[in-house]
Every structure is written in C-alpha cells, then in structure tokens.
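Input: a single structure, listed below in structure tokens.
Every chain is numbered from 1, with letters handed out A, B, ... down the list of sequences.
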Amino acid sequence: MRAPVVVGGPSYPELTCTTREGRRITPWGGTTERGLGLADPAGLRRALRCPSRSTDRMPQRSVQQRAGFRGEAFVDKAVSDAGHVWNDTKRDFAIDGQIEFVDADREVTGVAVLAQVKGTEVGFRGETAAEFKFTCKADHIAYWLRLGRPVVLICVDLRVQQAWWKRVDTWFADPERRARRVVQFDKAADRFDLDAFSRLSALGVPAGEPLPRLEGSEQLVSNLLMIEGFAPLIYEASTPCRDRGDAWERMRSNGNQFESGFVLAAGRISSLCRLDEGPLAVLCDGPVTSIPTQEWSTTEDPDLQRRFVSLLNFTLRSAHHPELVWHSTKKVVYMQAPPDRSSRKIKGRYRGSRGRAFFTPYFGKDDQTKISFCRHYAAGLYFRRWGEQWFLEINPTYHFTIDGRRDSLYDAEYVQKIKRLERNNAVYQLVRAWADYLQGDDTLFRSRDERIRFGQLLQLDCDAAIDESVWIPQEPAPKPSVNGLAEGLWELPQ
Amino acid sequence: MKAPVLHEPELEFRAGNRHIDPRYGISVYGPADADSPTGPHRIPIALVGPAHAVDGIRKWLQRCQNHIEAKDTKPGQENLHQPFPGFSTDSPFGAELVFDDALVREIPERHLRRLARADTASATKDAVDLYADAARSLAESGRCRVIICARPEELQDREEQPPPEESAAERIEDQDERDTGGDFHDLLKATALTLPAPLQLMRKETWTGTPARTNGKTLRPLQDEATRAWNLHTALYYKAGGTPWRMQRHSSDLATCYVGVSFYRSARGNELHTAVAQVFNERGDGVVVRGGTAQISKTDRQPHLKLSDARQLLLDALTEYRTTHGHQPARIVVHKTSNFTTGEIDGFHEAADLRDIDHVDLLWIQRRGAPHLYRTGQLPPLRGTSVQLDARSLLLYTRGSVPYFRTYPGLYVPQPLLIRPVTHGTDLLTASTDILALTKMNWNNAQLDERDPLTLRTAYRVGSILKHVPPNARIATRYAYYM
C-alpha cells in the first residue's frame, strides 16, 4: 500500500512533503529565498510523477471537491462584483461563508446572510429547463435551523456559470419539507444574480432596522411634458373688443367662424395665429404687427409671463377643440362625449398600447340601453417654466356626467372614490395617455397643430431604486371589492 | 436631470440613542428626557365627560398600561405596525398615568341630551361651556397635568371647511392627514388656553375600538388599538411636559430657530387676517406668537404682512425663543405657505439684524402645485426624493415609499412639497433635510412620515383655535395647548 502524502500548505515558502514513515522530501529540490522558485525542476518532476506508478501516493481531490471550490469562487466573485463582501468560514460546518452588504455610501452595513454553496460540473438532480432539486443532509438542516439567522443555499452550475439561491432556514421550517430534505429551485425566480442582492439583504435585516440602501438607480417619469417649441411669432393688433364675450359676438356675426387662441389686454389682441386673415381678423382695428415668441417666452416680467401663459392656455384649448372642453368650475379640461355617446378610445404611442377609453358611458343594470352615467378623462393642465424650459404639467383626473353633457350630482363622490383606489402605476399610465394625446399625430385629414409643439415627458435619474419583489409580499391578489353602481367603473391599468 | 434621495433623518431618544422610527425608538431606548429630573414620571390625569365615557376612558387607559399587540402585517412589513409597549413606570416610557376620583367631573346625561335637540351652533356653545367649566375647576385645583375630555356624542359637529380651491379628493386627503377638529374642539381649546393644564380630547371610538357609523357608513377610518395607544400616549407625555423625541443635531450645527408663519381669518371679521408664528428649536419645544393684521395682496390674492408687522412678528418670536431657551439662535428659518413680498423680506431681515443674527433662510413652501414623479411600478417614489427644478425651486417628497416599512403607507398617490427659498444664499440641501426632519416632529402622532413639517402643520391648528380668541386676549404660548 502506498503511503499517503500530507501536504503542508498550498503556497508557503517552505513547502515540504513527508511520507508516512516520516521521510521528508523536498519536491522542489529545496526551497529558495523566493519561496516557489524552481531550483531543481527535475526534483519537481520526480515529486509530481503519477502516484499510481509511484510508491508514495499523493492525496486526491475529488470531482466534488473541485466543484465545491469552484462554486465558492463563483459566489465570491459574484458578491464582489455586486459591491458586497464575501467572508468565507475558516472552520466550515455546513456554512461556507457569509455575504455582508455594503450600502450605496460604501458603508458596510452589518447586515449579513449566511450561505452554503454547492457547485456542480455535471448538473443537479431532477434538472429541467425550469427547475431542479437539491437534497441536503439532515445534520446540516438541523444546524441551519438552530442558527437563528437567515441561511441561504446557493447552487452553482459551473457548466453554464449560473447560480440559484433559496433561503433554507425558513424552507425547512416546514416539517414535511424537513423530512424530505429536498430544496426545490425555480430557475427563473431563484436566480442568484445582481437583482437578487436586494432581496438577500432584506433577509438579513432584523425587525426595527431599515433596509440598507444598496447601489442602484431607477428612472422616474414626471408629469411635466416638455415643450419643444412655439410658433415663431406672436401677432398683435389693436382691437375694439373689451372682453372675450365681445370678441365671440363679433366672430359670430362674421359668419360663425371662431378661433379661441388669443388674449385681450389693454385694447390689444395677441395670438399665435395670424391676425390679418382667418376668424380673428374681424377683431382687429389696426395694423397687425408681430414679435418673436421668444420675447414672451423668456421674459422675467411676471405680468407678461402671466399673459403668455394665458395665451398658451387658450391656444391649447383651441388646438384640441372640440374634443377637449373646459370646465370653468373645476378648472380642468375633459374629453367631450362623441355625438353618439359611444366609448371614445385613444391609442397610445408606445408599443403594445391597447389604447385608453377617454370617454366611457355606463349603462343601468336593468336597462342596458339607458346611460346611467358617463366617465370622461379630465386633466388640470398648467404651463410652467422651470429654468429656461417650458413644460405642460399634467394632473389627470376625471369628470362624470349623466349624459355626456350635464354634470353628475355624484361627480365629486365618484372622483374621490376612484382616486382612493388609484395607485402610482394607474396615475402614471394616465399621465402617459394624456401626453400621447397632447403630442398629437399627423393624420390623413388633419396635420398636427404646430403652435405649441410637445416633446416627451421629463425623465429623471433617481439614485435609489425600489425592488418591488422584495417590498410587495408575493401573495395572490385580493379580489376587488367594488360592487353596485360602481362596478366596472374603477378599471385600473395593470 | 437627477433626483437624489435624502436619507431618512434619525431622531434622538434616551441617552442620545438614535433611530428613524419614533415608536421603535421609544420601545427600545425610551423617551428623550427619560433620565431628566424634569421629565414627567407620574402624570395626574383629570377626566371630564359623561359617566359611561369616563369609565370607558379609564378602563382603556388602564389597559394601555400593559403591552398591546401590533396589528398583523404582511410578511416583510413587520415594521409597519409596532406593538405598544405599555405606559407605566416599568415600560420604556418610564411614566405612568395617575387617576384620582377627585379629578373626575361627570357631565350629567340630561345636559348632553339637551344638546342633541338644540341647533348645532347653540349646542356647540352650550357643550363648550359645560366642558370648559368642568375643565377650569379641575385645572385650578393645580393637581392635574393633563385634562382628558370625552367628546360628547350628542353633538353634531361641523368639520372645518377647507379652502374652496381644493378638489374633493385633495380635501378628503387633507382631512385624513390632519385629525379633523371641528368647532367643538377648536372652541373648547380656545376657551381653555389660559388654564394651567392642557386638554386632550378623545372620541368614543378611540377607547371603544368601534368605528363611528352614520346610516351604516363608517365616518372615519379607525386605527388599530396599538396605533391609537401610541398616538394618545405620546401626546399625553408631551402635554405633561415631556419630550418624547427630539431632532438629531450635530454639535457643529448652528442653533436654529424654526418659525412657521401662517394666517387665519378671524371668526367675526371676514377681512381680518392675523399672522401667527410658531417657533421651534431642534428639540421641538414650540411656542406660539401672535402677530399683526395681514392684508390680501391684489396680485397673488395671498395674505401678506407689512414691513413693520413682519419685523415685529420675528422680534416677538425671537424674544419668546430666548425666554424659552435662554439664548439667541444663530440661525433663523422661516417657513411660510405664501410667497414673500419685499416688505416681508425686509422686515424679517431687519429683525434678524437687530438681534445680530447672520443666518436667515426664508422659505416659501407650497403644498400644492408641485410637479409629480412616477415610478414604473405599483409603489410611488421614495420618501426623501428631491429634484432641483431650477436655481430657486426644489421638489421634495415628504410622503412616499419608505424602505423601513417596505411599502408606501398611504392611501393616495403622494404629493410632493415645492420649496422656494427667497434668499440666494440658502442651501437647498440643508433646507430640505431640515424639512424632512421637521416632518417627524409631530407628537400628536407617532408617525415617521408625516407630509407637512411641524412648522406648517401647526399653522392649521393654531389658526383654527386662535380665530375664536379676541385679538387682545392673553394666549397660551406652549404649543401643547393647541394640539
């Protein structure tokens, strides 16, 4: 029987091997001052000669051991790449190490989870494209459960350089699972990658402690629709009109040709439309002059700024007349009902958008032909200037009528109820729908109104992100408890 | 454009321990002044109300001497609801409520039944007279620290009407945010402003745990028992003279006096608007100062102060600050819900100059009109998310998703505040960090994420009470009398 060789250590300067009989060999032919210098290559070759043919057999590393080391190395790298710390356990009894989390300010948080790593070079038991199983030892399971700290099992498939994880102290808290000793992995949900770290860090946070803020960022979208530009000129002329009612009367008497995109101030009319032609010409009693719109849009004079905003408001309503109606009491615009009171759906611009019903009639339960009430999309639209940039702030809301025209007595109640139900995503989708609508499109019959050109909603980079898979408990969604008249009214986007 | 997220400010508890959540902080460390000899350890309580209500309150308060379990939460959101640790000398509060039969004034049922038949205005007045007389006789005995009044159920109370420009949903949201007061609450508080002990009003649902209903509909959402106990006992501890928690300040920070300026319409003269300032330091000790008459501006239709009134208001506020704290602040921060006129700016600066204070930050905080931000997901942006819209405008989310709770604990999509400094030298980051910390300084509510900073929040309360007090009458300066 060949004598096994005890190796003193992998990388020490004085690397010596000793046979069972106590004979000391120096495979490198003696050490050098530089430690691993190969002073005698021949000696090394002798020492590394195939043990099966040698009388002194060297210890063997099993395939499993190699996979284990490689698995740990994989986890170490993955944790380091994510910016956290992997501390391996020197004396290992079913815990290979712990992952300690580092927050966005590079402070080590003290939040850690214990980990056992398993690697394979041949694949896991019961492996399919979607899942696999791992059987644990009973004493390991008992140990994990008694630790009283979160323990995760990380399984690394070295063939594809991918890993999956599962919290095992809670997994085996179920006696049935504990008896079977099998951990079931879902390859999609349990993937051990960058996204997993927020969930992992959350495991280690005891009650009463806040979540560590891990490195990460996400995009936020504002309700500010950027304005790319205005019509280049503002036309001005003197006018005999004292107020808008007067102006309306004049246009009516001039053949019912109307245009609302103008403002009146101090005996002068200003508009982004031409004043020497079209419906507004009848309102002028002097020569038409023009000034660059930029003069008004960049002014610091609060009075002139107010006048410009007023002009923009009237121009916007004019551009979307007659679809949008101004509600003077609620100070919002809302989508006009079509003549036949049918649902008015407007398609979104983004891919996969199914469109949204800007006007929806709701019918009585008993009489499906009789409209019970109508829901109109509405919005408070405000022109704002932040810095040098003009925006249209969109605050979506609703308006309820009984027949598409007359206000519902229950309007405030309905709006309040729907707003109580709406969450972030629902309002975001509404803002997007309004932005899409206001940006407009050139169609076969009508080109886009260019007096105010809208761009995209302003996007911002937020320096912290929310991982909703950690925050929102994964439970079956509760059934909506809306009933009666309101049924179907509160359809919120998913 | 960037949207940095400010860190959740920590609060200071017993022995300088810190935590972001008032409830957790008290549970683990105890109130900030627990070791102080002046901290309230035995709080004699007086009770006013009908016999059954007095019994009910007493039983419930005695139950609150022991641990009350938290409401069940979803897995992972255990921090959202905290158990109440009990209010006794052995509990983290280190204080107990002391009951004495001599400190009970029962309001006869027949008097209250009469209220139900009277019209609302006269019933409210009668009820206030009944309660105020009882409270006065108890307070003047000098043996109680706080007087608890059971709100009469017979009274059909009118709720305070908000300004008309707010939409229905916003109105409801605001009512949810502030504890609705109504005439009885405000009138009784106004009448009791000169008593030696502050009042604490309680609704029946607080001690019974049964929501108030009218025609089968729940009138107000009712919190779980532990939360009700937290809110009530924190308020009682503060009203008894304690400091449950304080703002965390670094030793190198300047001693700061926070002043909230607001206006209210007096109950009789519709055109009279009086300015009121609430003055706080980092400990949150608040004093109330009443100012001169404000004028509605023709340009922005907001009430504004004349230069001399602005100067006098701040001088009075600084005098109160000095009386309370024994020193002048090194920095003044004025929060106001309307724009600053040139007269106001000059007036405030003149006052600061007279007191040799170099650092003055004047901030216009708009509760409405700030742009909103949306995440792509179910949860709204994080509390603390801020965006500098231009050189002089900062948007700040004081409500939003909270990492500590792992959720957004609100009902409506949150609305940010818009902060607009008047002075060029104002550091927006410091201003917004201060505001975020001041949102946690409401001892009427042990909540870590209030929407309004203390300076603005108190404005509504103080104004609605002071409008019932004649202009020259003496008023309580401690904020505990108004909350």
Side chain, backbone, both or neither: which part of [X] has an atom under 4.5 Å from a heavy atom of chain A?
X: B/E8; result: neither
X: B/Y404; result: both
X: B/V402; result: backbone
X: B/N79; result: side chain
X: B/L389; result: both
X: B/S401; result: both

Checklist entry - Hey, which of B/E78, B/R392, B/H7 has the most heavy atom pairs under 4.5 Å with chain A? => result B/H7
Contacting region of [X] [heavy-atom separation from chain B under 4.5 Å]:
X: A/D467; value: neither
X: A/V332; value: neither
X: A/L224; value: side chain
X: A/E388; value: neither
X: A/L203; value: neither

Checklist outcome for this item: Nearest heavy-atom approach of A/N424 to B/G377 is ND2-O, 2.7 Å
Checklist entry - Closest heavy-atom contact between A/C462 and B/V5? => result SG-CG2, 3.4 Å
Checklist entry - Side-chain contact, heavy-atom cut-off 4.5 Å: B/Y374 with A/L220? => result no
Checklist outcome for this item: Interface check, chain B: of A/G380, A/A104, A/P212, A/S222, most non-hydrogen pairs under 4.5 Å belong to A/S222
Next on the checklist: So, using side chain to side chain contact (heavy atoms under 4.5 Å, CB included) as the criterion, who are the partners of B/N17 when residues are at least two apart?
Outcome noted: B/A15, B/Y29
Item to check | Any residue meeting side chain to side chain contact (heavy atoms under 4.5 Å, CB included) with A/S217, in chain and number order, not counting sequence neighbours | outcome: none
Next on the checklist: Would B/R406 and A/L211 count as a side-chain contact (heavy atoms from CB on, under 4.5 Å) here? Give the steps.
Outcome noted: CA-CA 8 Å; B/R406 298 186 195 178; A/L211 286 172; 3.4 Å; yes
State whether the side chain of [X] and the backbone N or O of [Y] hold a donor-acceptor pair below 3.5 Å, judged by distance alone.
X: B/R375; Y: A/A465; answer: no
X: A/R423; Y: B/L411; answer: yes
X: A/N425; Y: B/L379; answer: no

Item to check | B/H372 vs A/N395, side chain to side chain donor-acceptor pair (under 3.5 Å): CA-CA, chis, key distance, verdict | outcome: CA-CA 8 Å; B/H372 288 207; A/N395 290 298; 4.5 Å; no
